[in-house]
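Reading through the structure tokens given below for one structure.
What's counted below: heavy atoms across the whole structure, side chains too, no hydrogens, waters or symmetry copies. Given the structure is predicted, the values throughout are model-derived calculations rather than measurements. Atoms within each ligand, like the ligands themselves, are counted from 1 in listed order.
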Amino acid sequence: MIIELKKTVTPQQADALAQKYKSVLFENGKQVLVTSSKLKQADDDLKEVAERIVITDSDIQLAGKQYISHKRTITIAENLSIGGNTNYTIVITGPCSVESEEQIDAAAQLCVELGVKVLRAGAYKPRTSPYTFQGLGLDGLKLLDKMRAKYGLKIITEVRDSTHADEVIEYADIIQIGAKSMYDHGILRKCGKTNKPVLLKRGFGTTLQEFVQAAEFILSGGNPNVMLCERGIRTFETKTRFTLDLCGVAWLKESTNLPVILDPSHAIGYAYGVPDLARACVAMGVDGLLIESHPNPKVAKSDAEQQLNFDEFRKLHVSLAQVAAAVGYKLV
Ligand code: PEP
Ligand code: MN
């Protein structure tokens, strides 16, 4: 149950109710209590202080359509929002990892050339093997910061674990939480305490319910700016790296109030399939698309097989704009 409290309720009163009902209390313009969804009836003490009470079916509460019936709008930049009724499909691209100034500068220039506003690259990489490139860490964040200043781009980069969460939150315009990190409560809770947009990726063995419940940790920390990213789940199939769950995307669009971003690159894992898959994603009418691109994928230090070279990306970008227009969206 979600209880939005009247303005006259003091923080002390709210705290006492939070304890009594074993609920989460957060503040974002107003004080909000969220109890377990098992609570189906409000007692008089709650009714007295409530401006609004929403009974919910499951612990998908703040992210659910019962609470907010329309899709949330998330402000990325002064002149750029996604979600709501903007009908924008935002393009996010860049290499898997920041590798050098030369490499990330080339990636930033590609964004500027195509009018792409959000540059993406990881500095803290959650690799499968400890013996591979782990990312440039803080030096990588500083290079991304330099690109933001030089080209006026917005930066999305991932937080791998909570030891450097504050650092990433400080440097990023959008914080990415990766598929392997989405259960890290240290990260989720820290992201709940900022107002910066968060792109939360679905773990490859995560049900839709668990995925959205991870988003609830951020939302119930007080950060309303959460986007969900489907990036492929593990199935019996081994010919492709993962299986992009487009049925799940339809469900997320139907059942949640959060913008949905799709990542075809990590889903298929091979560059040959990314353009077709990306067009299929855009055809669903989604809020954004994350595609890995690299000036020279052959020598990429992570995810080499799936990154598009710049000419492949340029070509794809033209066709994505056409597909987006066909379904009433604008590629931005
Ligand atoms: C990435 O975005 O480069 C990445 C590691 O993705 P995921 O968390 O989806 O595996
Ligand atoms: Mn990657």
Side-chain angles (χ1 to χ4, degrees), residues 90-99 103-104 107 118-130 132-137 140-141 143-144 155-162 164-165 168 172-184 187-188 191 197-206 208 210-211 214-215 218 226-235 240-246 248-249 252 260-271 273-274 277-278 281 286 288-309 313:
I90 192 169
V91 177
I92 300 170
T93 195
C96 182
S97 306
V98 189
E99 297 170 6
Q103 174 241 23
I104 199 66
V118 186
L119 172 67
R120 192 209 86 113
Y124 289 97
K125 296 304 299 179
R127 302 305 303 279
T128 307
S129 164
T132 53
F133 178 65
Q134 306 292 304
L136 296 181
L141 294 181
L143 286 174
L144 289 169
I155 299 298
I156 171 165
T157 190
E158 70 198 281
V159 49
R160 182 181 62 210
D161 60 64
S162 48
H164 55 258
V168 172
D173 297 299
I174 304 172
I175 302 139
Q176 176 177 321
I177 304 176
K180 294 176 191 140
S181 310
M182 63 145 275
Y183 288 110
D184 183 328
I187 295 176
L188 296 173
C191 286
V198 177
L199 181 144
L200 178 69
K201 285 191 163 196
R202 179 182 182 186
F204 42 74
T206 303
L208 293 164
E210 289 163 348
F211 180 30
I218 306 170
V226 181
M227 307 170 234
L228 300 174
C229 177
E230 162 61 28
R231 47 77 73 209
I233 53 174
R234 183 153 282 159
T235 65
T240 58
R241 200 171 169 201
F242 295 100
T243 299
L244 190 62
D245 183 11
L246 296 184
V249 171
L252 293 171
V260 178
I261 312 289
L262 267 70
D263 171 356
S265 298
H266 290 86
I268 185 160
Y270 299 100
V274 170
L277 204 53
C281 292
V286 290
L289 201 61
L290 189 163
I291 297 175
E292 285 193 342
S293 57
H294 191 288
N296 186 1
K298 284 192 193 72
V299 300
K301 292 187 174 169
S302 57
D303 286 346
E305 286 182 282
Q306 72 197 31
Q307 304 197 58
L308 299 184
N309 69 37
F313 187 82

Test side chain to side chain donor-acceptor pair (under 3.5 Å), reference Asp303, set His294, Arg241, Arg127, output is Arg241

Would a distance-only check, ignoring hydrogens and angles, find a side-chain to backbone donor-acceptor pair under 3.5 Å from Gln307 to Ser302?
-> yes

Take Thr128 and Lys180, measure what side-chain hydrogen bond (donor to acceptor under 3.5 Å, both in side chains) needs, and give me the verdict at the end.
-> CA-CA 9 Å; Thr128 307; Lys180 294 176 191 140; 3.1 Å; yes

Judged by atom type as modelled, is there a donor-acceptor pair below 3.5 Å linking the side chain of Gln103 to the main-chain atoms of Ser97?
-> yes

When you look for protein heavy atoms under 4.0 Å from ligand 1, which residues do they belong to?
-> Cys96, Arg120, Lys125, Glu158, Gln176, Gly178, Ala179, Lys201, Arg231, His266, Glu292

With a 4.5 Å limit on heavy-atom distance, are the side chains of Leu199 and Glu158 in contact?
-> no

Return the set of protein N, O or S atoms whose distance to the Mn ion (ligand 2) is under 2.8 Å, each given as residue and atom.
-> Cys96 SG, His266 NE2, Glu292 OE2, Asp303 OD2

Between Glu230 (side chain) and Gly232 (backbone), is there a donor-acceptor pair under 3.5 Å?
-> yes

Which heavy-atom pair separates Leu200 from Met182 by the least distance, and what is that distance?
-> CD1-CB, 3.8 Å

Looking only at non-hydrogen atoms, find the nearest pair between Val286 and Val260 and report the distance.
-> CB-O, 3.7 Å

Under 4.5 Å between any side-chain heavy atoms of Phe313 and Val91, yes or no?
-> yes

